[in-house]
2 protein chains.
Amino acid sequence: MESQDLRKVGLKVTLPRLKVLEILETSDQRHMSAEDVYKALLEMEEEIGLATVYRVLTQFEGAGLVSRLSIDGGHAVFELEDGTHHDHLLCVRCNGIEEFVDEVIEQRQRAIAKQKGFEMTEHSLYIYGICRKCQESQ
Amino acid sequence: MESQDLRKVGLKVTLPRLKVLEILETSDQRHMSAEDVYKALLEMEEEIGLATVYRVLTQFEGAGLVSRLSIDGGHAVFELEDGTHHDHLLCVRCNGIEEFVDEVIEQRQRAIAKQKGFEMTEHSLYIYGICRKCQESQ
DNA sequence: GTGTAAATGAGAAAAGTTTTCATTTATATT
DNA sequence: AATATAAATGAAAACTTTTCTCATTTACAC
Ligand SMILES: [Mn+2]
Ligand SMILES: [Mn+2]
Ligand SMILES: [Zn+2]
Ligand SMILES: [Zn+2]
């Protein structure tokens, strides 16, 4: 019952919001660009404008429902927030995304920030490479 | 003698290329956007188009003379390549950039890629925060 | 059911970067 | 030194991703 999720964060329950949420929950890709979401909506015959998709995703981000990854050449992907921090591996061949958590890295980052006198607010870490599947297929 | 540097990497010796190189070498900021370089050129009375600045920086990157950081909100900064890898701390208040090297993180990244079956090609790591100077000034 | 504030859609705008194409320039060859 | 030519440049247009504007529609408190 997603309507409650929306009300809980102070957002009116509208069709675009419900549908975007539905796409994020049911898509087989966990990480989706606004364009991906928009196209998935078109495929389910929902005529929701791209501007609205961006708006809704940004609001969801503000509400803590989704998080946004800012990938290299300035385009963002979104994923449902699951409450746990993780970082990403990006396949440069198929653009697939995998996740990882590494406490050693997390801790070293805090140590570096401290050592440099930074009050750390966040970090962004991406490992680029060729995923297993892409290596196998030639 | 930068002319040799250019010839060495197969680039014709032109005024825009020499001047962009000069800016990168003499500016007090090690990390500069294309716009920064463009403005610095204007200040030294060199009428070099922004498109040329982008072209030259991209060629320099291809030639291994500079490296490009792709910062969050989709705008790039460039720095002279010094042959050694390092990562960056970004101040969210003054946009200042500091550098660090951490072998533990480097090694953990390789371990994670290996564990996930990735053939790692590169990585990008940014620590965001408020730098010492900005903390002190209020 | 109504009123009102909020949300939406369509298109314009913004920001950063790349491309196009006519003109200029560097350099290899005479 | 003059010439030929492939490459580089400048200016403007195009592009990409995202945000904004504003007229219209919708959700929901009353
Ligand atoms: Mn993720
Ligand atoms: Mn650097
Ligand atoms: Zn892959
Ligand atoms: Zn600062």
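Convention: sequence-line order gives letters A, B, ...; per-chain numbering from 1.
- Side-chain proximity of A:T58 to the nucleotides D:dT9, D:dT19, C:dG16 is greatest for D:dT19.
- As a whole-Å value, the separation of A:Q59 CD from D:dT19 P is 11 Å.
- Under the 3.5 Å distance criterion, with hydrogens and angles disregarded, no donor-acceptor pair is assigned to the side chains of A:R55 and A:T58.
- Here A:A76 lies in heavy-atom contact (under 4.0 Å) with sugar-phosphate atoms only.
- For B:A51, the listed nucleotide lying nearest its side chain is D:dA12; candidates were D:dA12, C:dG9, C:dA26.
- For the pair A:K116/B:F100, a side-chain contact is recorded, criterion being any heavy-atom separation below 4.5 Å from C-beta on.
- A donor-acceptor pair is defined here as one N or O able to donate and one able to accept, closer than 3.5 Å; such a pair exists between the side chain of B:Q135 and the backbone of B:I130.
- Taking atom CG of A:L69 as the reference point, atom P of D:dT18 lies 12 Å away to the nearest angstrom.
- Between A:C131 and A:C94 there is a side-chain heavy-atom pair separated by less than 4.5 Å.
- In this structure, of C:dG9, D:dT9, C:dT27, it is D:dT9 that holds the atom nearest to the side chain of B:R55.
- One can place CZ of B:R17 at 11 Å from P of C:dA26, the figure rounded to the nearest angstrom.
- Closest contact between the side chain of B:H75 and the listed nucleotides C:dG16, C:dA7, D:dT9 involves C:dG16.
- If you measure from atom CG of A:L18 to atom P of D:dT26, you get 15 Å, rounded to the nearest angstrom.
- In summary, of the residues considered (A:E46, A:E47, A:E25), a salt bridge (Lys or Arg N to Asp or Glu O under 4.0 Å) with A:K19 occurs for A:E46 alone.
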What verdict does the ring pair (Phe, Tyr, Trp, His ring centres under 6.0 Å) test give for A:H123 and B:H88, after you've listed the backbone C-alpha separation in whole Å, the side-chain angles of each residue and the deciding distance to 0.1 Å?
CA-CA 10 Å; A:H123 72 265; B:H88 298 89; over 10 Å; no
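- When heavy atoms are screened at a 4.0 angstrom cut-off, A:E47 is found touching the sugar-phosphate backbone but no base atom.
- Rounding to whole angstrom units, NZ of residue B:K19 and P of D:dT9 are separated by 14 Å.
- The distance from atom CG of A:L57 to atom P of C:dA7 is 15 Å, rounded to the nearest whole Å.
- Remark: C1' of D:dA8 and OH of B:Y54 are 19 Å apart, rounded to the nearest angstrom.
- Annotation: of the two residues near DNA chain C, A:T52 and B:S33, the 5′-most nearest-nucleotide partner is A:T52.
- The overall bend of the helix from C:dG1-D:dC30 to C:dT30-D:dA1, read as the angle between its terminal helix axes built from five base pairs each, is 20° when rounded to 10 degrees.
- Checking D:dC28, D:dA8, D:dT9 against the side-chain heavy atoms of B:K12 singles out D:dA8 as nearest.
- Between A:I48 atom CD1 and D:dT25 atom C1' there is a gap of 14 Å when expressed in whole angstrom units.
- Across all strands shown, A:L15 has no heavy atoms under 4.0 Å from either base or sugar-phosphate atoms.
- Taking the six-membered ring for Trp and thresholds of 30 and 60 degrees, A:Y126 and A:Y128 have ring planes inclined between 30 and 60 degrees apart.
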